[in-house]
Amino acid sequence: MVGAVITDAKARRPDLRFPLPPEFERRLKGARVLSLRRRAKYLLCELSTGETLIMHLGMSGRFTVKGDGRGRFHKDYRADPRHDHVSLVVSGPMGTATIDYNDPRRFGFMDLAPTAKLATSPHLCGLGPEPLGEEFTAEMLAASLKGKAAPAKSALLDQRVVAGLGNIYVCEALFRAGISPRRKAGTIAGLRAMRLHGAIRQVLEEAIEAGGSSLKDFTASDGSLGYFQHSFKVYDREGRPCPACGASIKRYNQAGRSTFACSNCQR
DNA sequence: AGCCTGCCCTGCGAGC
DNA sequence: TGCTCGCAGGGCAGGC
């Protein structure tokens, strides 16, 4: 997309997680894509118009690319066209391609914000550090957890503490750090914070290397599957043996989300 | 302020 | 076979 011009934009339904902004199609048409970036779980597409297209996939969103010769899809690839909510046609040196945003549950969304004021946009302003960035250290992790009464699980899902962790990687990081998801976040400091910091980075790096986790419908934009799900040590493994000690992995609910943990290895 | 619950929405598998 | 129920990778508003 970078360097290409958005020659057409179609919004088939405006009621995503949030309503699409006014004149969405018009504000996209004719814009050149200056850059594509990511912040936390948001995709940021900087446009020549001075605005940035902010995109979030929610739980079930996906982009597919067709028409540039790279549209190779995994054989199990399916996308119900009823859920193609936004389509962009981009044209540039690489050719012309159609990019479809498909999202059955509509927990994802798109928005437009002035690039100059991006950092203060409501979506991005409160976000914590990037877990793989330089500024994320064990010391600052301990500092942001200090005084928190919430359980470790909830604190790590809080995007103001660290930006970009979801349910899978929080469960996996806590296991690798030997920390119970129920432990009071404020008690994580010193060596424990260093272990957690290292575990967060390690699990994310390994997952990225593996192309992500394909639970049911996650694929790369060319349809290829991630395989980090085969490296899960606790997530979605209720009742199976802990890879470290053999005890049965437990599942329980925290903040409305499933938690998986080994109560023997995680304290 | 910090924390927790419920809710937004569709699809799918388990259980009956 | 066909139904209902519970649950799914996220994040917000509202209540305490």
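Reminder, nothing fancy here: chain letters follow the sequence lines and each chain counts from 1.
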task = In whole angstrom, give me the gap between the P atoms of C:dC7 and B:dT5.
result = 15 Å
ask   = Across the strands shown, which category fits A:Tyr42 at heavy-atom distances under 4.0 angstrom: base, sugar-phosphate, nothing?
value = sugar-phosphate
request  = Look at all strands and tell whether A:Arg160 reaches a base, only sugar-phosphate, or nothing, counting heavy atoms closer than 4.0 Å.
outcome  = nothing
message = If I pick the P atom on B:dC9 and the same atom on C:dG14, what distance separates them, to the nearest angstrom?
response = 16 Å
task = Determine the contact category for A:Gly166: base if any of its heavy atoms lies under 4.0 Å from a base atom, sugar-phosphate if only primed atoms, P, OP1 or OP2 are that close, otherwise nothing.
result = sugar-phosphate
query = Considering only side-chain heavy atoms of A:Arg106, which listed nucleotide, B:dT10, B:dC4, C:dG9, is closest?
reply = B:dT10
ask   = Base, sugar-phosphate alone, or nothing: which one does A:Tyr169 contact when heavy atoms must sit under 4.0 Å apart?
value = nothing
query = A:Arg257 side chain N/O closer than 4.0 Å to the phosphate oxygens (OP1, OP2) of C:dA8?
reply = no
task = Provide, to the nearest angstrom, the distance between the CZ atom belonging to A:Arg17 and the P atom belonging to C:dG9.
result = 16 Å
inquiry  = Heavy atoms only, 4.0 Å cut-off, all strands: where does A:Pro122 land among base, sugar-phosphate and nothing?
reply    = nothing
task = Mind checking A:Phe228 for me? I need base, sugar-phosphate or nothing, with any heavy atom below 4.0 Å counting as a touch.
result = nothing
Nearest-Å distance once atom P is located in both B:dC7 and C:dC5 = 16 Å
note = With both pairing distances under 3.5 angstrom for Watson-Crick or G-U wobble, and | for a partner in another strand, the correct string for DNA chain C is .|||||||.|||||||
message = At a heavy-atom distance below 4.0 Å, what parts of residues 207-214 of chain A sit against DNA chain C?
response = A:Ser213
query = What interatomic distance, in whole Å, is found between C1' of C:dG6 and the corresponding atom of B:dG6?
reply = 16 Å
ask   = With A:Phe136, which residues qualify under ring pair (Phe, Tyr, Trp, His ring centres under 6.0 Å), at least two apart?
value = A:His197
task = Check whether the aromatic ring of A:Phe107 stacks on the base of C:dG10, taking stacking as ring centres less than 5.5 Å apart and planes within 30° of each other.
result = yes
ask   = For residues A:Ser213 and A:Tyr169, is any side-chain donor paired with an opposing acceptor at under 3.5 Å?
value = yes
P spacing across the pair C:dC12 / B:dG11, given as an integer number of angstrom = 24 Å
request  = Treat each ILVMFWY residue as a node, draw an edge where side-chain heavy atoms are under 4.5 Å apart, and state whether A:Leu57 and A:Phe228 are in one component.
outcome  = no
key: Parallel, tilted or perpendicular, as decided by the 30° and 60° cut-offs, for the rings of A:Phe109 and A:Phe18   = perpendicular
